Student: 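Here's a structure for you.
Model, not experiment: these values are computed from the prediction. The chains referred to below are lettered A, B, ... by the order of the sequence lines, with proteins before strands, and numbering in each begins at 1.
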There are 2 protein chains.
Amino acid sequence: MKLEAVDVRQSASAADIVYEALRKAIIEGDLAEGENLRQDHIAQMFNTSRIPVREALSRLEQHGLITTERYKGAVVAGLSIEEIEEIFEFRALIEAEVIRLAVPNLDRRTLDLARRHCEAFEQEENADHWGEINRNFHYSLYEGARRPYYLQIVRASLDRIDRYLRAQLTLTSGIARARREHKAILDACIARDAERASALTRDHIIDAGRSLIVFLREQRA
Amino acid sequence: MKLEAVDVRQSASAADIVYEALRKAIIEGDLAEGENLRQDHIAQMFNTSRIPVREALSRLEQHGLITTERYKGAVVAGLSIEEIEEIFEFRALIEAEVIRLAVPNLDRRTLDLARRHCEAFEQEENADHWGEINRNFHYSLYEGARRPYYLQIVRASLDRIDRYLRAQLTLTSGIARARREHKAILDACIARDAERASALTRDHIIDAGRSLIVFLREQRA
DNA sequence: CATAGAAATATTGGATCCAATATACAATCT
DNA sequence: AGATTGTATATTGGATCCAATATTTCTATG
């Protein structure tokens, strides 16, 4: 007997699909802050009933991406300047630690992968792709830390502020500095200098946070 | 017109109630690791249908407290030694930072409250209450940091390992050291020594993690 | 014409029903 | 007997229906 094995678990539940799609739409900024999310409407878009939609919304609420109110429905959560500052401060703490833990474990293959992501980030012209490539670069290095719990939290915290970052990168000229800083972080990793990589990552995040706050203050004023 | 203001949102949804009840049962160890959670069974216990139960289970899964598999149902998640180690390491990092940020903001009232929790922890004989009082003590100090996002994550990470800690505190004589360490942390806070409070908190968590791991290795061997 | 109240509509949370599938067990075959 | 197939049961994910309530529209009245 000879046949191709296919993973039969390929079909995720409807709730999973809706959850992932909404999560993606929110973090990429396709759903505007404050936008109403009607269960019925979403259910029709995904050709399903409201049950899996509600489950997806419930999960999104747990992650802080939306807020819901009975009889009123769900809206995409907006963050105050203070909340955004707090998340950046938090990310700086965690990600600096993660990269410190990762450096000793980075092998040739992983560094090559990170270098490719770094180059892709330098060369990509389409601003819509920067967020994705930025994630790929950082996460490829973070994987070396072998700390799945840390990474899960890093992902969740980036999710919450990603769309603001994307908007800012697109509308301001922060991309040049981000590119330089990525290169510096990668160099420190290649040099196996965990402390330098950690400090650079910390500064990278704090800088990004600062300019985002400046940008948002102007925009919201 | 004169009437007593009552919070009309007092009636949480059935899903919220089920979620909180299951969360509490899991972190307090009332539901054993690996125990099956049948939707139907839970629904009957709460006198409701399976819909809100499913929503509650979905949220618990997002927080890592249970795992679910289609057609098989949910089981209380068990953590490997490595996962527990990682969570303790993470808590040490975050909570040390939180207390450092909190110390400058601690006012007389908050310190008094923390002192009362500390004394309650010293005097409480019933091991079933230690977990609760322990949380109260630490969180009363952490509130001073005014970092809701940090605290939310601190809560979630403590949730995941709380029942192991409770089991260990009950079965070993770690309680005496925990009491001493709490007192030392409180003293550092009263003395406004943020660095000392931070270092003590870090050690407190790392110590607790170490003895828990030792305990679990024996138990699981 | 503006406004208060009433009716219609929209929308959510939950109950009940249905389809899909895993597991346990009985029946059958070698 | 042991392995294999078929069937009954248990259990989940999703669809449809219902009750509660917020919002909007309409109507009557000063």
Student: Any residue in residues 45-58 of chain B with a heavy atom nearer than 4.0 angstrom to DNA chain D? Just list them by number, or reply none.
Tutor: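 The answer is B:R50, B:I51, B:R54.
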Student: Quickly work out the A:Q44 CD to C:dT11 P distance and round it to whole Å.
Tutor: 10 Å
Student: Does NZ or CZ of B:R155 fall inside the cone over B:Y139's six-membered ring, less than 6.0 Å from its centre and within 45° of the axis?
Tutor: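 Pair B:R155/B:Y139 counts as cation-pi.
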Student: For A:R166 and A:D128, work out which heavy atoms get closest and say how close.
Tutor: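 What the structure gives for the nearest pair is NH1-O, 4.1 Å.
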Student: What residues form a side-chain contact (heavy atoms from CB on, under 4.5 Å) with B:A77, not counting sequence neighbours?
Tutor: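 Counting only residues at least two positions away or on another chain, B:A77 forms a side-chain contact (heavy atoms from CB on, under 4.5 Å) with B:T67.
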Student: Is B:K72 close enough to D:dT11 that one of its side-chain N or O atoms is under 4.0 Å from OP1 or OP2 there?
Tutor: no
Student: Restricting to ring pair (Phe, Tyr, Trp, His ring centres under 6.0 Å), what partner residues turn up for B:Y150, sequence neighbours left out?
Tutor: A:F90
Student: Please name all residues satisfying side-chain contact (heavy atoms from CB on, under 4.5 Å) with A:E124, sequence neighbours left out, ordered by chain then number.
Tutor: A:N126, A:H129, A:W130, A:I133
Student: Would you list the protein and nucleotides 6-10 of chain C atom pairs, both N or O, that sit under 3.5 Å from each other?
Tutor:
none

Student: Angle between ring planes, B:H182 versus B:F121, binned at 30° and 60°: parallel, tilted or perpendicular?
Tutor: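 Tilted, since the angle between the ring planes falls between 30° and 60°.
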Student: If we check side chain to side chain donor-acceptor pair (under 3.5 Å) with A:D159, which of these qualifies: A:K24, A:R135, A:H63?
Tutor: A:R135
Student: Roughly how many Å is it from OH in B:Y71 to P in C:dT21, rounded to a whole number?
Tutor: 5 Å
Student: For B:H117, give me all partners under ring pair (Phe, Tyr, Trp, His ring centres under 6.0 Å), at least two apart in sequence or on another chain.
Tutor: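 Here no residue qualifies.
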Student: What is the distance from CG of B:D40 to C1' of D:dG13, rounded to the nearest Å?
Tutor: 14 Å
Student: Given atom CZ of A:R70 and atom C1' of D:dT23, what is their separation to the nearest angstrom?
Tutor: 17 Å
Student: Any side-chain N or O of B:Q39 under 4.0 Å from OP1/OP2 of D:dA10?
Tutor: no
